[in-house]
Amino acid sequence: MFSLPYVLQQFINAIILGSIYALVAIGLSMVYGILRLINFAHGDILMIGAYTGLFLLTLYKAPFAIVLIVPMLVGGLIGVIVERVAYRPLRKAPEVALLITSLAVSMFIENLAIMVLSPRPRRFRIPSFLSKSHFYGAINFRNIDILIVILTVVLVVVLTLFVKKTKIGIAMRATAESINTSYLMGINVNNIIMLTFAIGSLLAGVAGMMFASKYGRIEPFMGFLPGLKAFVASVIGGIGSLPGAVMGGYLLGFAEIFFVGFLPPQLSGYRDGFVFLLLIIVLLIRPSGIFGQAEKREV
Amino acid sequence: MGKILTVLLIELLILIVSVFALKIESTVGFLLLLVSIVFAIYYGAKNEKIRYRLQDAFSSSRRFALILGIILIFIFPLFFMDSPYWVFVITIGVIYIILAIGLNMMLGSLDLVNLGFAAFFGIGAYTVGMITAKYGLHLPYLIVLLLAGIVAMIFGLLLCLPTMGMKGYYFSLTTIAFGLAVELTINNLEWTGGPGGIKNIPHISLFGLNLGDSYTVFGYDLPFQLNYFYFALVIMLLVMLVAWLIHNSRIGLSWNAIKEDDIAARAQGINIKVYRIYAFAIGSFIAGVAGAIFAPLMGYIAPTNFTYAHSITMVAMVILGGIDNIMGIALGAFLLSIAPEKFRAFSDYRMLIYALIIILMVIYRPQGLIPKKIRKYDFIGGAKDE
């Protein structure tokens, strides 16, 4: 029914989409691991990253290496500011207060972007050497797609090594285990939380660049759906776990592409609906995800 | 006697200030008034002496305060006879008060942040639209109203069952998904009119009166919007009464117990599932009823009336006014539904301002403008709010 090249092509698409989801999900999952907070504004940092990239490309004609690095830094910076201004005053507040604040922060950034950047979608054109296509029979992909996948793999490996091997990484894992105990061990918890936000937002910033390069079109609300899907991805993988977030991202990428690619085209309008159906199913069957541990609660 | 006078003066003051606030033409003037109202409430609540005197006055002449308040609310729109548009805006405000009270059953009483509440509102409105405009059935309006509530309730239960074990983020994100799914479905289905929505929804006719007609009373021609205002007001008062009764019943107490600590509540023998079902059923029913008033008032409904942004607006209303306090919620809902009309020049930044309000409220005044009352108990008898 489906030819082999078609299947391979869908496979490649899924890997590219999955890479982007994985990068966004990592930041979301790491922050949740430490603060038990879903940062709704995470998707909006992706949007900020994309816009930064756009301005660097069009206004300053910056070389692409810089266009990759600066949005990362800007994203990281915004993440730190959001943490400092909105979340730190609420360290001891109930979970619902955090939830509502993070929702409001996301709304704030989106609407500020509308005000400053206009709600009009913009075209995002990447340098020609990146948009060059390779054809192998019926399969085709562009240079940017290769870059997305390679960059994701590199970032994930570096981050994993960082978290596993360095002293700061160990401190991060300790803080995720228990904030109070880490505090007693002499870890500066506030700095660690800030660093976690910075790293997560850094990845979101670069994911925004990738997202924009892949779809060629950006708008102030572009972060909303990827943010939600990253949440679904990290739930699938087991929220709070780094390999879980990566796995979840790729699984979601595959699920989504295969849903669109192999089911009747009338259903493709419900693509986003399908993602949430998946979320509900996962939450019903295995709420702690694939790699996650069930959360214990002390009474 | 002095207490009754205090109550009378305060309530008259509130009436005058609100009429004045809506009549002011300049945005800056309105802004100044709004800020001074917020500060007056804030410092009034902080100052023990003033607060005690007011509380004493209101609690010792409760019935008088209530009846006077209701009378004044009924008089309120008569100040806007010259501009039917304002009567319309106030009516929308009343509908949002109903919605916010419904949302509070989940958000305030149980700490379940429902981010898809506008979906129930939409389902109620669409039920009315489908019955009266699309199929042209001539059912008595009160039955249509009831049906709208029931259909919304069925969807409420549909959302309740799969989310039964969820709390916090999982719950909120699932409700976002639910809200988006409903919006997406009414937008895509041809049956519901797609993005074009439903047009020509007939006016409500009730006991032989058509709410779309303008009636003449004592020589005054009353705009038809006024009929809707009074109808919505009656429903709002009923909803408030029900909400108040529930809050003071075992159900409200159990909700709050679950909110504080679900494990402890279960240890006390409270069946969490049953109480969650109650919250969803009642809350979504109320939202459906609000939709049933909204649809004939507008005459035209479309998926854009019931979006994620509307859900967030409702959450902002409850947070601003005061979680789990009916008066507070009414205040928050009214302020936020009137304010955009006053800030026409800034209407593009409405969501930005709402977001800022939520952030500032959660950080500096998490209990809302009018905080909820603490339950107090005597040794004999049931729950009583002081």
Side-chain angles (χ1 to χ4, degrees), chain A residues 28 32 36-41 82 85-90 93-115 118-119 221 224-225 227-228 231-232 235 239 266 269-284 287 297-299, chain B residues 107-108 110-113 115 159 161-182 184-185 187-188 259-264 267 308-309 311-313 315-316 318-319 323 346 348-364 366:
Chain A
L28 207 65
Y32 184 88
R36 298 287 174 275
L37 156 79
I38 296 288
N39 188 7
F40 278 84
V82 166
V85 174
Y87 301 142
R88 195 175 289 182
L90 296 172
E95 194 188 273
V96 174
L98 271 171
L99 194 164
I100 292 168
T101 312
S102 104
L103 187 76
V105 170
S106 148
M107 243 166 76
F108 185 81
I109 297 180
E110 278 166 14
N111 287 281
L112 197 68
I114 288 182
M115 244 167 87
S118 99
F221 285 114
F224 178 69
L225 271 180
L228 279 183
F231 170 77
V232 178
V235 169
I239 197 155
Q266 303 94 283
Y270 294 96
R271 173 177 184 166
D272 300 329
F274 166 74
V275 171
F276 294 114
L277 190 69
L278 206 65
L279 170 72
I280 292 178
I281 293 171
V282 169
L283 284 177
L284 285 179
R297 224 189 96 191
E298 284 165 27
V299 185
Chain B
L107 172 61
L110 272 171
D111 257 3
L112 293 174
V113 186
L115 297 177
L159 175 64
L161 295 178
T163 59
M164 194 54 105
M166 296 180 198
K167 277 196 304 189
Y169 300 101
Y170 292 95
F171 177 80
S172 298
L173 284 147
T174 315
T175 53
I176 292 184
F178 172 78
L180 289 181
V182 169
L184 204 76
T185 314
N187 210 353
N188 279 338
K259 170 184 173 171
E260 294 304 327
D261 190 328
D262 53 339
I263 294 178
Y308 177 64
S311 301
I312 305 248
T313 308
V315 172
V318 177
I319 305 253
I323 284 179
F346 303 101
D348 291 346
Y349 314 139
R350 196 169 74 219
M351 296 312 284
L352 189 77
I353 295 168
Y354 288 176
L356 210 57
I357 289 176
I358 297 181
I359 298 174
L360 293 177
M361 288 304 281
V362 171
I363 294 181
Y364 294 107

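Below, chains carry the letters A, B, ... as their sequence lines are ordered, and counting in each starts from 1.
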Parallel under 30°, tilted from 30 to 60°, perpendicular over 60°: which one fits the rings of B:Tyr308 and A:Phe224? tilted
So, the part of A:Phe231 with a heavy atom under 4.5 Å from chain B: the answer is side chain
So for B:Leu112, is it side chain, backbone, both, or neither that comes closer than 4.5 Å to the heavy atoms of chain A? neither
Segment of B:Phe178 engaging chain A (4.5 angstrom heavy-atom cut-off): neither
Under 4.5 Å from any heavy atom of chain A - which part of B:Ile312: side chain
At a heavy-atom distance under 4.5 Å, which candidate from A:Ile109, A:Ile100, A:Leu98 has the highest pair count against chain B? A:Ile100
Rounded to the nearest 0.5 Å, what separation is found between the CZ atom of A:Phe40 and the CG atom of B:Leu173? 4.5 Å
Here the pair of heavy atoms bringing A:Leu99 nearest to B:Ser172 is CD1-OG, 3.3 Å
Proximal component of B:Ile363, with respect to chain A [non-hydrogen, under 4.5 Å]: both
Can you say whether A:Leu37 sits under 4.5 Å from chain B via the side chain, the backbone, both, or neither, judging by heavy atoms? both
Turns out that what part of B:Val113 lies under 4.5 Å from chain A's heavy atoms comes down to side chain
Turns out that what part of A:Leu90 lies under 4.5 Å from chain B's heavy atoms comes down to side chain
Could you tell me which portion of A:Val85 (side chain, backbone, both or neither) has an atom closer than 4.5 angstrom to a non-hydrogen atom of chain B? backbone
Rounded to the nearest 0.5 Å, the CD1 atom of B:Ile359 sits from the OH atom of A:Tyr87 at a distance of 8.0 Å
From A:Leu228 CG over to B:Ile176 CD1, what is the distance, rounded to the nearest 0.5 angstrom? 5.0 Å
Closest heavy-atom pair and its distance - B:Ala355, A:Ala104: CB-O, 3.4 Å
Honestly, the part of A:Leu103 sitting under 4.5 Å from a heavy atom of chain B is side chain
In terms of heavy-atom pairs under 4.5 Å with chain A, the winner among B:Val362, B:Val315, B:Thr174 is B:Val362
Nearest-0.5 Å distance, CG of residue B:Leu356 to CG of residue A:Asn111: 11.0 Å
